[in-house]
Structures are given as structure tokens and as C-alpha cells.
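Report on one structure; see the data block that follows.
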Amino acid sequence: MNHTARPSTPARLKGAIGAAACLGLLSASLISQAAEITPTTLRLAHVVNTEDTYHIAATRFQELVSEKTDGAVTVDIYPNASLGDERTLLEGMQIGTVDMGVITNGPVANFVDTFSVFELPFLFPSSEAAYDVLDGEIGQEILGQLEDVNLKGLAYAERGFRNITNSRNAINEPADLDGLRLRVIENEVYVDTFRTLGANAVPMAWTEALTALQQGTIDGQENPVNAIHAFNLAETQDYLTMTRHIYAPAIFIMSLPKWSGLQEEAQAAVLEAAQEASAYAREQNAVMEAEQLTELREAGMEINESPDIEAFQAAVAPVYEKYGQQFGDFLPRIQEAVQ
């Protein structure tokens with residue numbers, strides 16, 4: 001009977017020592033890679049206040065980047081549109097005067113048309129359906145198109161499902177929007193959606209919208225609950241209707257020149273941090289929404305949580321007829337994915 005010879009104890013010990021030494025070298029190599037990252041500061045801007053989910057995402061990103069690079073890469077955050085509105089930030093990233101930002105999807109679509117597919121009304125039936133598309137093959141293909149305009153898409157964070165507020169009357173069906181002066185994002189799909197629904201859609205930057213709401217030059221606006229709460233819109237808006245008409249991503253975007261100038265190790269850390277911070281922001285949104293609605297009610301807002309969604313869906317059919325073809329196969333692929 002043949003027996004496979006076993007190595008002697010000293011031989012096995014040498015093997016174990018060798019394996020440990022290899023692990024030690026690998027560990028040392030990883031440590032040295034982190035140590036070799038050139039110290040860099042990234043300037044990250046957004047247009048909302050420090051109570052908003054964008055800021056929650058930005059601060060989590062700041063913490064994660066520091067952890068993953070052992071402090072070699074630091075992130076300075078500029079909230080409250082201190083470096084400009086979202087279009088200005090994107091243009092700054094293109095030429096390298098702004099490093100990165102958390103930007104609402106609507107303005108991004110003005111730079112890469114394909115992003116407008118996410119703005120089509122009632123496209124996503126739930127947050128989970130949106131996450132599956134955005135984090136999957138379709139969303140990542142679209143994110144990659146930003147490189148064509150000198151930008152680098154890192155990850156989809158969240159603005160959330162958008163809802164209508166106004167100071168004029170309660171809204172339950174499209175007819176209730178007739179003539180309502182409603183601020184919308186500067187994006188043609190938003191404008192056409194609300195004009196199709198009968199509103200007087202007024203495209204303007206968010207910074208201008210806040211003043212217009214206070215002065216009464218517009219009647220209302222549409223935004224997710226987190227923004228309605230963060231900006232105390234109950235002070236100027238009496239009615240909130242939970243239409244959940246558009247799911248709006250927010251996007252961690254970086255200047256492509258700045259990204260290209262980072263070492264590979266720093267790029268990997270920044271990308272991973274953006275993805276993790278985005279997931280964290282989504283979780284926080286979900287946790288906070290019920291509490292925020294309670295506080296808005298207590299502040300005097302009348303909230304309609306069950307408007308006639310089917311009537312709204314039927315009314316926006318012309319928007320799909322107008323825009324459906326321009327997205328190539330992305331729209332049918334998304335529709336198939338969310339079935």
C-alpha cells in the first residue's frame with residue numbers, strides 16, 4: 001500500500017512561515033500603496049443646505065475617503081451654492097476649476113441627453129426598482145457617457161421621488177394644476193411634463209426659486225420630501241401632494257481632468273467612497289421621510305398621500321410619445337427591467 005509522503009514538521013513549519021511571510025509582504029505592500037498616495041485636497045460642492053441629504057452624502061464621502069487613503073486625500077465641502085448653481089458647478093468641473101459635486105440629475109441631462117430618460121414621469125414604480133436599474137448595467141452605461149463631456153460619473157446618490165407643493169389649492173388630479181405657476185428644474189422633460197399636465201411650468205435654478213416662493217411670484221414647486229423639509233417650504237406652501245411623479249437620482253460627479261490626475265490607488269478609494277456614501281444617503285432618506293412628513297403636517301401643511309395617480313399617468317402619455325425615441329434602446333430596456 002502506497003502512502004503519500006508527508007513533509008516533516010520542520011518542512012511544514014517552513015511552509016507556514018513562508019505563507020505568513022507572503023501575507024506579511026502583501027499587507028506591507030497595501031500599506032505602502034496607501035502611504036504612497038500623494039496628499040491631495042478635493043473641493044466638493046453642492047447647492048443645498050447642511051440639513052439636506054446631499055450634505056449627508058457629502059460628509060459621509062469625506063469620512064470614507066479619509067479612512068480609505070489614511071488621510072492622504074482630504075475633502076473640503078462647499079454647501080449652499082457657495083461655488084455657484086448646478087450648471088455653473090458642472091461647467092467648472094469640465095474646465096477643472098471645481099473638483100467634484102453632488103448634482104441633481106436634471107441639470108446633468110443638459111450636458112448628456114441620455115440622463116433625461118430617468119426624468120420620464122412615473123418610470124420607476126419604487127425606489128428599489130430605480131436602484132436596480134441605476135446600479136446595474138443600464139445605469140452604469142449611462143454614467144460612463146459623462147466622460148464624453150469631460151466629466152467622471154462616480155455613483156448615483158439620491159434626490160428621491162418628487163412631489164408637488166403649492167400655496168393655491170389642494171391637488172388630487174391633473175385638472176387641479178390648471179394655470180398653477182410651478183417652478184421646475186431647468187430641463188425640457190420636466191417643463192413638458194408639467195405643461196402637459198396643465199401647469200404654467202417655470203424653469204429656474206433652485207436658488208432663485210426660494211426667493212420666488214417667498215415673494216409669491218410662483219405658486220409652487222416639486223421636490224422630494226427631504227428637500228421640502230430641509231428648506232422649510234411649509235412657511236410658503238400650504239399643500240403637499242405625494243404624486244411621486246419622477247424619481248430623481250443625484251450623482252457624484254468629478255472633473256475628468258482632476259480624476260485623471262489622481263493615482264490609481266486614490267481613484268479606487270474615491271470611487272468606492274462615492275458608492276458607499278450614495279448607499280448611505282439612500283438609507284437615510286428612507287429612514288427620515290416618515291418623520292419629515294409628520295413635522296411638515298405639524299407645521300401646517302395639508303398632505304394628500306393618495307392622489308389619483310392613474311389619472312396623472314394617463315395624462316403624461318404625450319411626454320413618452322415626444323421623447324421615447326431619443327433614448328435609443330435605453331427606455332425599453334428600463335421598462336423591461338422594472339416590469
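Values below: every heavy atom of this structure, side chains too, minus hydrogens, waters and symmetry copies. Here the structure is a predicted model, which means the values were calculated and not measured.
- In terms of modelled atom types and a separation under 3.5 Å, the side chain of Glu186 and the main chain of Gly106 share no donor-acceptor contact.
- Between Phe118 and Tyr156, the ring planes lie perpendicular to each other; the angle is over 60°, past the 30° to 60° tilted range.
- Side chains of Tyr247 and Glu119: a donor-acceptor N/O pair is absent below 3.5 angstrom, by distance only.
- Taking NE2 from His229 and OG1 from Thr294, the interatomic distance works out to 9.5 Å, rounded to the nearest 0.5 Å.
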> Are Ile246 and Tyr190 close enough, and set up right, to give a side-chain contact (heavy atoms from CB on, under 4.5 Å), and what steps lead you there?
Replying inline: CA-CA 9 Å; Ile246 291 170; Tyr190 276 82; 3.6 Å; yes

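- Between Phe252 and Phe61, the two ring planes are tilted [angle within 30° to 60°].
- Side chains of Thr165 and Gln221: a donor on one and an acceptor on the other come within 3.5 Å.
- In summary, the side chains of Asn49 and Tyr54 do not present any donor paired with an acceptor at a separation below 3.5 Å, with no hydrogens or angles considered.
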> So Asp99 and Leu44, side-chain contact (heavy atoms from CB on, under 4.5 Å) or not? Walk me through it.
Replying inline: CA-CA 6 Å; Asp99 295 331; Leu44 183 157; over 6 Å; no

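- Donor-acceptor pairing under 3.5 Å is lacking for the side chains of Gln214 and Thr236.
- Electrostatic pairing of Glu188 and Arg195 does not count as a salt bridge here, judged by no charged N lying under 4.0 Å from a carboxylate O.
- With hydrogens and angles ignored, the 3.5 Å screen pairs a side-chain donor or acceptor of Ser82 with a backbone N or O of Pro79.
- A donor and an acceptor atom, one from each side chain of Asp308 and Asn172, are nowhere located under 3.5 Å apart.
- Taking the ring centroids of His245 and Phe194, they lie under the 6.0 Å cut-off.
- The backbone N or O of Pro257 lies less than 3.5 Å from no partner atom in the side chain of Ser260, so there is not a single donor-acceptor pair.
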